[in-house]
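Letters A, B, ... are given to chains in the order of the sequence lines, protein chains preceding strands, and every chain is numbered from 1.
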Amino acid sequence: MNRSKLHQLLKTARSEPAPAPSTSLESRIMRAIRLAPTTPTEPTISETLNVWFPRIALTAATMIALCIAGDHLLSAFHWPDLEPGVVHLSSQWLFTEGTL
Amino acid sequence: MEDSDEEVLKRIRDGATDGFAEIVRRHQSQVLAILHRYERDPHLLEDLAQDTFLKAWRALDQFDGRAPFQQWLSRIAVNVARDHLSRQKRYRHEIGFQQLGDDALDWLSSDDHQLELQASTARELLDAAMRALSPAEQVVITLQELEGRSVREISHLTGSSGVAVRVRALRARAKLRKALKRLEDQCHEPIQAPPIAEDRPE
């Protein structure tokens, strides 16, 4: 579609008048307002959990994926990891001779 | 002399809740004019108007009077329209030229730029093409092209930055043109003749 045709289309669509409000619209709105609570009700615990659960689950899944990817990377490049240090500390502090 | 919106709102805050009817009376035409750009069905349009005023009523405490009430209400109406488009997007798919009326098809297939186009036909065509756009793009292009609002106004109404509005408007216009071109091409495609049954020997 060329530019002038698009221009004509938009210009003509712009000129379409909006409908006048029906005579019942105002009373209908006021009825809805009277029936509606003034302020939104406090969310229940289950509603709050419903809101938060997907976010928490997504964050946890991302963290797990990052840890797994990091572990694979460390193993692949033979970078020193924490394992020897942890074993060393365990043997020194947790399971020293005579403690068990 | 008629009280200003701010005076009526003050009375409402002081407990005269029926004063909101005055607010509805004053602004219902403006709200309908905004919403009508996104929904043409009169029943749905009034539902959206009701939703807009109900949201305004519930958020009345948040209106701080820094901007005119009309502007604040317009922002709510635009949000209601965008939510409505998002809900509809789930089951409204792009439509083909077969679903368009004769006047729309005549105009699309014609190369005569002087061919008269009725406003309702233009809206029909535009609505069909708009289905290719996301709700946010539809809102931006509608505010810019149909309501003639500036980037700054759109930015205020949608809560997006000026740059985001510009980018979205560019993308929306390109998509709109593409969708209209697709409809136009469909109109120009030669009609396939139905297959002729071969004479079978008896």
Side-chain angles (χ1 to χ4, degrees), chain A residues 1-70, chain B residues 17-18 20-22 24-25 28-37 40 42 45-47 49-54 57-61 107-108 110-111 113-127 129 141-142 145-148 173 176-185:
Chain A
M1 174 169 284
N2 62 39
R3 197 178 287 269
S4 67
K5 215 170 167 183
L6 179 65
H7 181 72
Q8 186 193 2
L9 179 70
L10 290 169
K11 194 180 160 192
T12 314
R14 205 178 297 153
S15 67
E16 190 188 40
S22 69
T23 46
S24 61
L25 181 63
E26 183 194 318
S27 55
R28 185 182 151 183
I29 291 169
M30 289 311 290
R31 207 177 312 124
I33 282 172
R34 281 187 200 103
L35 290 172
T38 314
T39 51
T41 50
E42 285 284 311
T44 61
I45 293 174
S46 66
E47 281 169 347
T48 313
L49 279 177
N50 273 341
V51 170
W52 281 101
F53 181 74
R55 297 175 199 181
I56 294 169
L58 187 69
T59 313
T62 311
M63 288 298 290
I64 292 167
L66 280 174
C67 289
I68 292 170
Chain B
T17 49
D18 280 349
F20 199 74
E22 178 62 30
V24 173
R25 207 171 303 131
Q28 55 185 356
S29 300
Q30 171 219 340
V31 166
L32 281 179
I34 292 173
L35 296 169
H36 182 241
R37 301 288 189 194
R40 297 172 76 204
L45 186 60
E46 295 215 339
D47 284 349
Q50 179 181 314
D51 204 14
T52 303
F53 281 107
L54 208 56
W57 168 255
R58 285 180 172 152
L60 216 53
D61 288 344
W107 186 82
L108 261 183
S110 164
D111 291 327
H113 291 183
Q114 304 304 316
L115 191 70
E116 200 185 337
L117 178 67
Q118 296 292 322
S120 57
T121 311
R123 267 301 298 274
E124 183 190 350
L125 270 169
L126 211 51
D127 284 356
I141 203 79
T142 302
E145 297 292 351
L146 299 187
E147 291 196 27
R173 204 170 294 114
L176 191 66
R177 190 173 285 178
K178 217 169 165 183
L180 286 164
K181 172 94 175 58
R182 215 163 30 233
L183 286 171
E184 205 175 35
D185 289 348

message: At a 4.5 Å cut-off on heavy atoms, which part of B:I141 comes close to chain A: side chain, backbone, both, or neither?
response: neither
- request: Name the region of B:D18, side chain, backbone, both or neither, that has any atom closer than 4.5 Å to a heavy atom of chain A.
  value: both
- line: B:T17 meets the side chain to side chain contact (heavy atoms under 4.5 Å, CB included) criterion, sequence neighbours left out, with B:W57
Drop me the distance from [X]'s [atom1] to [Y]'s [atom2], to the nearest 0.5 angstrom.
{"X": "B:L117", "Y": "A:K5", "atom1": "CG", "atom2": "NZ", "result": "9.5 Å"}
{"X": "B:R177", "Y": "A:L9", "atom1": "CZ", "atom2": "CG", "result": "11.5 Å"}
{"X": "A:I33", "Y": "B:L60", "atom1": "CD1", "atom2": "CG", "result": "9.0 Å"}

- request: Would you please go through residues 17-30 of chain A and name the residues with a non-hydrogen atom below 4.5 Å from one of chain B, in numerical order?
  value: A:P17, A:A18, A:P19, A:A20, A:P21, A:S22, A:L25, A:E26, A:R28, A:I29, A:M30
Counting only pairs under 3.5 Å, give me each side-chain donor-acceptor contact of residues 53-69 of chain A, with atom names and distances, residues two or more places apart or in other chains.
from: A:T59; atom 1: OG1; to: A:R55; atom 2: O; distance (Å): 2.6
from: A:T62; atom 1: OG1; to: A:L58; atom 2: O; distance (Å): 2.6

query: When only pairs under 4.5 Å are counted, which of B:R123, B:E46, B:E145, B:K181 shares the most heavy-atom pairs with chain A?
result: B:E46
- prompt: Among B:V31, B:L125, B:L32, who wins on heavy-atom pairs under 4.5 Å with chain A?
  reply: B:L32
query: With sequence neighbours left out, what residues match B:E147 under side-chain hydrogen bond (donor to acceptor under 3.5 Å, both in side chains)?
result: B:R149
